[in-house]
Amino acid sequence: MMRAQETQRRAAEMVVEMRRILAAQGKKIRIMEVCGTHTVAIFRAGLRQILPEGVELVSGPGCPVCVTADDYIDAAIAYAGMEDVIITTFGDMLKVPGTRSSLAEAQAQGADVRIVYSPLDALTVAAENPSKQVVFLAVGFETTAPTEAAAVLAAKKQGLGNFFLLSAQKLVPPVMRALLDGGETNVDGFLLPGHVAVVTGTATFDFLAQEYHIPGVVGGFEPLEILRAIHMLVRQIGMDEARIENAYETVVRREGNPVARAAIDRVYEPATVRWRGLGEIPASGLSMREEYAQYDFARVRPLAAGAVGDGRHGCRCGEVLRGAIVPRDCNLFGRACVPEHAVGPCMVSVEGTCAAWYKYGGGR
Ligand code: SF4
């Protein structure tokens, strides 16, 4: 009881101070929450409703499933249709629509698609099915890359020749730079992704302040932690300052996690990759080094031309991910596109902005 009261008191104090800063500013402050987990946590806690009127939150490209381009989904579906292939994946990839269908539809038609909870589980599937090629769909950011690298290293150590990744690994700092350079994403500050920063450290985001004069604060995921990070951002913006601050000190260090970063560096190298709605961005993804090419399914078993489509038309997920529109600006939102019949990944993923707007009523 005492703790709840203390939380409410601290939250109220921060809101009051933000109001004071906004009143002195005389303008709205636009903050992008980069991470999909933040998006959902903000909606779930009702933070949009308690923030002062002048603070606008806009969601960014931090939902890994959402930023994965159609051609990757199409490729995964094409591989799933092969007799000797088992696809292993996190559950949130299952219903993501490709150009013509989804992995869930492929599964219903008999494809061997299995949900796993870690790439290391996929190793077990590979060991149990030596006559099959077992492919893990490596979709994610810096947060998941170390475990995927560890799975590749373990496969090599165990001599497992039938385990592969279909990699769509992406990196957060380069896409933020691309957003800012694109000129369409006008924000005053960034709520930086706590889970990514655990691996990368805070220093990787210094360029925001140094080159763009935009502040960033790494935030935790509890409502009060998020509110504190937003409060710190509003304070910096109010004083026209730009620094990278850490409001998730319990787990995030300036230098990140050197062990996790070393695992990534050992297996992967930076690569130009395609993002949904953003196109190709230099050095914004990870490709397996030549030494580990035998675990890269796209290289081991390239698909014939025409196996992947050119995406679904009408979905504006790409613009949502750039913060250029909000979901209600899409004509399909809540009509043709609902979670049960999603047109785009932003409505499928639990971390998708469209799904969060639909589930929680859009906030403001
Ligand atoms: Fe795409 Fe559906 Fe979101 Fe529209 S509402 S942008 S169709 S996911």
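All values below come from the heavy atoms of this structure, side chains included, with hydrogens, waters and symmetry mates left out. Small disclaimer: the values here were computed from a predicted structure and weren't measured. Each ligand, and each atom within it, is numbered from 1 in the order the structure gives.
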>> Counting non-hydrogen protein atoms only, what is the nearest one to atom 3 (Fe) of ligand 1? Give residue, atom name and distance.
In response: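 Protein heavy atom with the smallest distance to atom 3 (Fe) of ligand 1: Cys354 SG, 2.4 Å.
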
> Which protein non-hydrogen atom lies closest to atom 2 (Fe) of ligand 1, naming both residue and atom, and how far is it?
Replying inline: Cys337 SG, 2.3 Å

>> Under 2.8 Å from atom 1 (Fe) of ligand 1 - does any N, O or S atom of Cys315 fall there?
In response: yes

Which ligand 1 atoms are under 4.0 Å away from a heavy-atom of [X]?
X	answer
Phe333	5 (S)
Gly344	8 (S)
Leu332	7 (S)
Met347	8 (S)

Taking atom [atom1] of [X] as the centre, does the number of heavy atoms from other residues, nucleotides or ligands within less than 6.0 Å exceed 12?
X	atom1	value
Arg266	CZ	no
Glu83	CD	no
Arg10	CZ	no

> How about Cys317 and Cys346, are their SG atoms within less than 2.5 Å of each other?
Replying inline: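 Cysteines Cys317 and Cys346 qualify as a disulfide pair, their SG atoms being under 2.5 Å apart.
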
> For Thr39, does its backbone N or O pair with a side-chain atom of Ser59 as donor and acceptor, under 3.5 Å?
Replying inline: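 Not confirmed, Ser59 side chain does not pair with Thr39 backbone.
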
> Is atom 3 (Fe) of ligand 1 less than 2.8 Å from at least one N/O/S atom of Cys330?
Replying inline: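 Not a single backbone or side-chain N, O or S atom of Cys330 is under 2.8 Å from atom 3 (Fe) of ligand 1.
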
> So, Phe136 versus Phe90, ring centres under 6.0 angstrom or not?
Replying inline: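 Centroid distance Phe136-Phe90: below 6.0 Å, so yes.
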
>> Between Phe141 and His195, is the ring centroid distance below 6.0 Å?
In response: no

> Would you say Cys317 touches ligand 1, if touching means a heavy atom closer than 4.0 Å?
Replying inline: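 A heavy atom of Cys317 does come that close to ligand 1.
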
